[in-house]
Amino acid sequence: MPTKILITGASGFLGRALVGTLSGSNDYQLTAAVRARQVDCAPSVPTFVVGNIDARTDWGNALDVDVVIHTAARVHVMHEHVDDPMALFREVNTAGTLNLATQAAKAGVRRFIFISSIKVNGESTLPGRPFLADEPCAPCDPYGLSKYEAEQGLMEMAASSQMEVVIIRPVLVYGPGVRANFQQLMRILRRGLPVPLGAVNNARSLVSLDNLVDLIRVCADHRAAANQIFLVSDDQDVSTKELARRLVLLLRSKTWLVPFPDHLIFRFAKLVGRNSSARRVLGSLQVDISKTKQLLNWLPPVSLDEGLKRTVDHFMKMEKK
């Protein structure tokens, strides 16, 4: 019998990739939860129109499944324009998640996979001190805190019900169709103009969309995943300078990476109100995925270079349209 899976956020960056991958296997029977009736994730996959996700959402017969993979969320927003962003993050990411999980447990769902965020651990790491899955958390913004609160509630639920919980905290996810900062970086590097990243010797963990999807697939069935927290990356950290260099080669760009001192970049970023962006570009954020590899006998199937190539190939194709 195929494993019946409900995927929330099925029209998003990660959700679409999950639906596309799992729907191609006879091992799974999928239902895709979407916000609007017009969204079509895959021709062969039935959809459940859920609308907004919060504490009042009724999931009804969508929970006649074995596994829920919850990717839907209010994502991190660079420039908030609301009076109380914490309330909005909690409404969707905390209350919405726990409401879904409560209904899932009552419906007899076997396993609930929650896609959290590395922001639960914190915003940056010191040299040689990568984040670990089971160390104390230090979320620093409303998004990370809302995810952390959801994790806490899920683990309490796992202890008091028959439903197993799996929590996955991805680092920055890139892949075909990536948007936001990663897409913007590719556009900047494609122009062939000097870019002041030639002296940025930090260390960043990244994860390709393919590797994240593969880990989620493993967590849907693996016995050892039950009630565990996992960090995920490509297991090949790079500096921002090295990432830019590889992208320049793949883009076939003539961009020159200028060795500009970090402190001058920070000073300029402060003047234009982009402190947080500068910290992400210049700072380090590494994760140790030893637990993920050992407990699940899992290795990232796609290398960093292959993941970047797939990303750039898709980007170039879309830019030509």
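Keep in mind that this is a model prediction, so the values were computed, not measured.
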Write down the atom of F114, the atom of N93, and the distance for their closest heavy-atom approach.
CZ-O, 4.4 Å
Verdict with reasoning, D313 to R310, per salt bridge (Lys or Arg N to Asp or Glu O under 4.0 Å)
CA-CA 5 Å; D313 287 349; R310 294 178 187 181; over 6 Å; no
Take S290 and D288 through the side chain to side chain donor-acceptor pair (under 3.5 Å) test and state the conclusion after the steps.
CA-CA 6 Å; S290 297; D288 183 333; 2.6 Å; yes
Ignoring hydrogens, what is the shortest heavy-atom contact between I289 and P300? Give both atom names and the distance.
CD1-CG, 4.4 Å
Do L209 and L247 sit in the same hydrophobic cluster, where Ile, Leu, Val, Met, Phe, Trp and Tyr count as joined when their side-chain heavy atoms come under 4.5 Å apart?
yes
In Å and rounded to the nearest 0.5 Å, what is the OG1 to CG distance from T71 to L212?
9.5 Å
Do V207 and I167 sit in one hydrophobic cluster, given that two such residues count as connected whenever their side-chain heavy atoms are within less than 4.5 Å of each other, even indirectly?
no
Would T311 and F182 count as a side chain to side chain contact (heavy atoms under 4.5 Å, CB included) here? Give the steps.
CA-CA 10 Å; T311 304; F182 206 97; 4.1 Å; yes
Side chain proximity check, L231 to I118, heavy atoms < 4.5 angstrom
yes
Any donor-acceptor pair under 3.5 Å from T21 side chain to V213 backbone:
no
Which atom of A101 lies closest to which atom of F112, heavy atoms considered:
CA-CE1, 3.7 Å
If you look at every heavy atom in F260 and P196, which pair is closest and at what distance?
CB-CB, 3.5 Å
Value rounded to 0.5 Å, distance of CD in E319 from CZ in F315
3.5 Å
K241, NZ atom: more than 12 neighbouring heavy atoms under 6.0 Å:
yes
S124 side chain to G283 main-chain N or O, any donor-acceptor pair under 3.5 Å?
no
Is the shortest side-chain heavy-atom distance between L18 and L14 below 4.5 Å?
yes
Honestly curious: do L206 and V173 fall in one hydrophobic cluster under the side-chain, below-4.5 Å linking rule?
yes
Kindly indicate, with the supporting measurements, whether the criterion side chain to side chain contact (heavy atoms under 4.5 Å, CB included) is fulfilled by K309 and E306.
CA-CA 5 Å; K309 182 178 184 304; E306 179 58 28; 4.3 Å; yes
Between N202 and L285, does the side chain to side chain contact (heavy atoms under 4.5 Å, CB included) criterion hold? Intermediate values first, please.
CA-CA 8 Å; N202 57 351; L285 196 160; over 6 Å; no
With distance as the sole test, does D234 use its side chain to make a donor-acceptor pair with the main-chain N or O of Q236 at under 3.5 Å?
no
So for atom CG, which belongs to D64, do other residues, nucleotides or ligands contribute more than 12 heavy atoms lying within a distance under 6.0 Å?
no
Can you tell me if T255 uses its side chain to pair, donor with acceptor, with the backbone of G192 under 3.5 Å?
yes
Taking T125 for its side chain and Q286 for its backbone only, find out whether a donor-acceptor pair lies under 3.5 Å.
yes
Strictly distance-based, threshold 3.5 Å: is any side-chain N or O of D210 a donor or acceptor partner for the main-chain N or O of V302?
no
Sub-3.5 Å donor-acceptor pair from the side chain of H314 to the main-chain atoms of G177, do we have one?
yes
Go through the side-chain N and O atoms of Y174 and N181 and say whether any donor and acceptor fall under 3.5 Å apart.
no
Is there a donor-acceptor pair closer than 3.5 Å between any side-chain N or O of T31 and the backbone N or O of L6?
no
Show me, pair by pair, the donor-acceptor contacts under 3.5 angstrom made by side chains of residues 127-136, not counting sequence neighbours?
| unit_1 | atom_1 | unit_2 | atom_2 | d |
| --- | --- | --- | --- | --- |
| D134 | OD1 | K291 | NZ | 3.1 |
| D134 | OD2 | K291 | NZ | 3.0 |
| E135 | OE2 | L132 | N | 3.0 |

Would you say the side chain of S117 lies within less than 4.5 Å of the side chain of R169, judging by non-hydrogen atoms?
no
Is there a side-chain contact between R204 and L172 (heavy atoms, below 4.5 Å)?
no
Listed pairs under 3.5 Å, donor-acceptor, residues 154-164 side chains, sequence neighbours left out:
| unit_1 | atom_1 | unit_2 | atom_2 | d |
| --- | --- | --- | --- | --- |
| S160 | OG | E156 | O | 3.1 |
| S160 | OG | M157 | O | 3.4 |
| S161 | OG | M157 | O | 2.8 |
| S161 | OG | M163 | N | 3.3 |
| E164 | OE1 | R111 | NE | 2.9 |
| E164 | OE1 | R111 | NH2 | 2.8 |

Let me see the working for S116 and E151 under side chain to side chain donor-acceptor pair (under 3.5 Å), right down to the final yes or no.
CA-CA 8 Å; S116 187; E151 287 188 14; 2.6 Å; yes
Flag the pair D221 / Y28 as yes when at least one side-chain heavy-atom distance between them is below 4.5 Å, and no otherwise.
yes
With salt bridge (Lys or Arg N to Asp or Glu O under 4.0 Å) as the criterion, how do E242 and R245 come out once you've worked through the C-alpha distance, each side chain's angles and the decisive distance to 0.1 Å?
CA-CA 5 Å; E242 178 61 18; R245 187 191 70 80; 2.7 Å; yes
Strictly below 4.0 Å, N to O, side chains only: are R56 and E91 in salt-bridge contact?
yes
Could you go through T102 and N99, starting from their C-alpha distance and side-chain angles, then the distance that decides it, and tell me whether this counts as side chain to side chain donor-acceptor pair (under 3.5 Å)?
CA-CA 5 Å; T102 299; N99 172 53; over 6 Å; no
Measure the shortest side-chain to side-chain distance between V68 and V65 over non-hydrogen atoms and say whether it is less than 4.5 angstrom.
yes
For the residue pair P139 and Y148, what are the closest heavy atoms and their distance?
CG-CB, 4.0 Å
Working note: T8 + V50, criterion side chain to side chain contact (heavy atoms under 4.5 Å, CB included); need CA distance, chi angles, decisive distance, verdict.
CA-CA 9 Å; T8 73; V50 67; over 6 Å; no
Any donor and acceptor pair, going by atom type alone, linking the side chain of S146 with main-chain N or O of Y143 inside 3.5 Å?
yes
Quick check: does any side chain N or O of S284 sit under 3.5 Å from a backbone N or O of A203, one acting as donor and the other as acceptor?
yes
Linked, directly or transitively: V287 and V166 (ILVMFWY side chains, under 4.5 Å)
yes
Heavy-atom closest contact (V45 atom, S23 atom, distance)
CG2-CB, 3.7 Å
Test side chain to side chain donor-acceptor pair (under 3.5 Å) on D66 and T3 and set out the steps.
CA-CA 6 Å; D66 305 301; T3 301; 5.0 Å; no
So do the side chains of K293 and D235 get within less than 4.5 Å of each other, counting heavy atoms only?
yes
dist M86:CE -> D141:CG (nearest 0.5 Å) comes out at 8.5 Å
When hydrophobic residues are tied together by side-chain contacts of less than 4.5 Å, even through go-betweens, does I216 share a cluster with I229?
no
Just so I know, are the side chains of S11 and R35 near enough to count as touching, which here means a heavy-atom distance under 4.5 Å?
no
